[in-house]
Amino acid sequence: MKGQIYLFKVSLEKGIYCIIELKGSSSLYKFAEAIINAFDFELDHAFGFYNNIKYIHKSSEAYTLFCDYGTSIELHEKSVEKSYIYKVFEQGKKMLFLFDYGDDWRFLVECLDVVEPEAKKKYPNIVERQGKAPSQYLDCED
């Protein structure tokens, strides 16, 4: 539902995850921003959401930044800027959020619940963090 709040568990590696609340009316682009911010990464690479968690190229449902830039090679891909959480997710649905196709950061995204918004609460909201995320880039010594 557009006006409701979606509660997500976003896992990077075993024991490293965040619980994030977002408005159903948020775009998948805004969801990607929230994920990247929650893990202290920089939003400086392409990304996508895929329903086939193990084999993204076999996904029947895919939302990518490539589609928004007009560089998509897959006909079934949809826009992350024009796709909204309330139209894509429901309680229990899992997707893979792939960030940076070169470094291949894979986040498992699971919709835990859909609830009513709380007055005066700002969204997106990080409810919980578990574990320390690795550095987005390896530190290079000269």
Item to check | Those residues that, when tested against Q130, pass side-chain contact (heavy atoms from CB on, under 4.5 Å) (two or more places apart) | outcome: Y17, E128
Item to check | Under the side-chain contact (heavy atoms from CB on, under 4.5 Å) test, residues paired with K93 that sit two or more places apart | outcome: E61, V88, F89, E90, M95
[Y] backbone acceptor or donor facing [X] side chain under 3.5 Å:
| X | Y | answer |
| --- | --- | --- |
| H45 | G102 | no |
| Q4 | E116 | no |
| S79 | C67 | no |

Item to check | Test log, rule side-chain contact (heavy atoms from CB on, under 4.5 Å), inputs V109 and F31 | outcome: CA-CA 10 Å; V109 174; F31 188 14; 3.5 Å; yes
Nearest heavy-atom neighbours spanning [X] and [Y]:
| X | Y | result |
| --- | --- | --- |
| L28 | F49 | O-CE1, 3.5 Å |
| A34 | I20 | O-CD1, 4.0 Å |
| V80 | S27 | O-CB, 3.7 Å |
| I53 | L96 | O-CD2, 3.7 Å |
| L65 | A46 | CD2-CA, 4.0 Å |
| P134 | I16 | CD-CD1, 4.3 Å |

Salt bridge (Lys or Arg N to Asp or Glu O under 4.0 Å) pairs, two or more places apart, involving [range]:
| range | value |
| --- | --- |
| residues 40-51 | none |
| residues 24-33 | K30-E33 |
| residues 7-26 | E21-K121 |

Could you tell me the separation between the [atom1] atom of [X] and the [atom2] atom of [Y], rounded to the nearest 0.5 Å?
| X | Y | atom1 | atom2 | result |
| --- | --- | --- | --- | --- |
| L43 | N37 | CG | CG | 7.5 Å |
| F39 | F99 | CZ | CZ | 12.0 Å |
| I35 | I126 | CD1 | CD1 | 11.0 Å |
| K94 | N52 | NZ | CG | 13.5 Å |

Say whether [X] and [Y] are linked into one hydrophobic cluster, either directly or through other cluster members, by side-chain heavy-atom distances under 4.5 angstrom.
| X | Y | answer |
| --- | --- | --- |
| I19 | I85 | no |
| F107 | L112 | no |
| Y86 | L7 | no |
| Y69 | Y63 | yes |

Item to check | Steps toward side-chain contact (heavy atoms from CB on, under 4.5 Å) verdict (I36, W105) | outcome: CA-CA 10 Å; I36 294 306; W105 289 102; over 6 Å; no
Item to check | Verdict with reasoning, F97 to V10, per side-chain contact (heavy atoms from CB on, under 4.5 Å) | outcome: CA-CA 9 Å; F97 171 64; V10 182; 5.8 Å; no
Item to check | Ring geometry between F8 and Y6 (parallel below 30°, tilted from 30 to 60°, perpendicular above 60°) | outcome: parallel
Next on the checklist: Aromatic contact between F47 and F41, with the criterion being ring centroids under 6.0 Å apart: yes or no?
Outcome noted: no
Next on the checklist: Clusters formed by hydrophobic residues whose side-chain heavy atoms approach within less than 4.5 Å: which one holds I5, and what are its other members?
Outcome noted: V115, Y123
Checklist entry - Going through the distances and angles, do R106 and L108 end up as a side-chain contact (heavy atoms from CB on, under 4.5 Å)? => result CA-CA 7 Å; R106 292 174 178 255; L108 178 62; over 6 Å; no
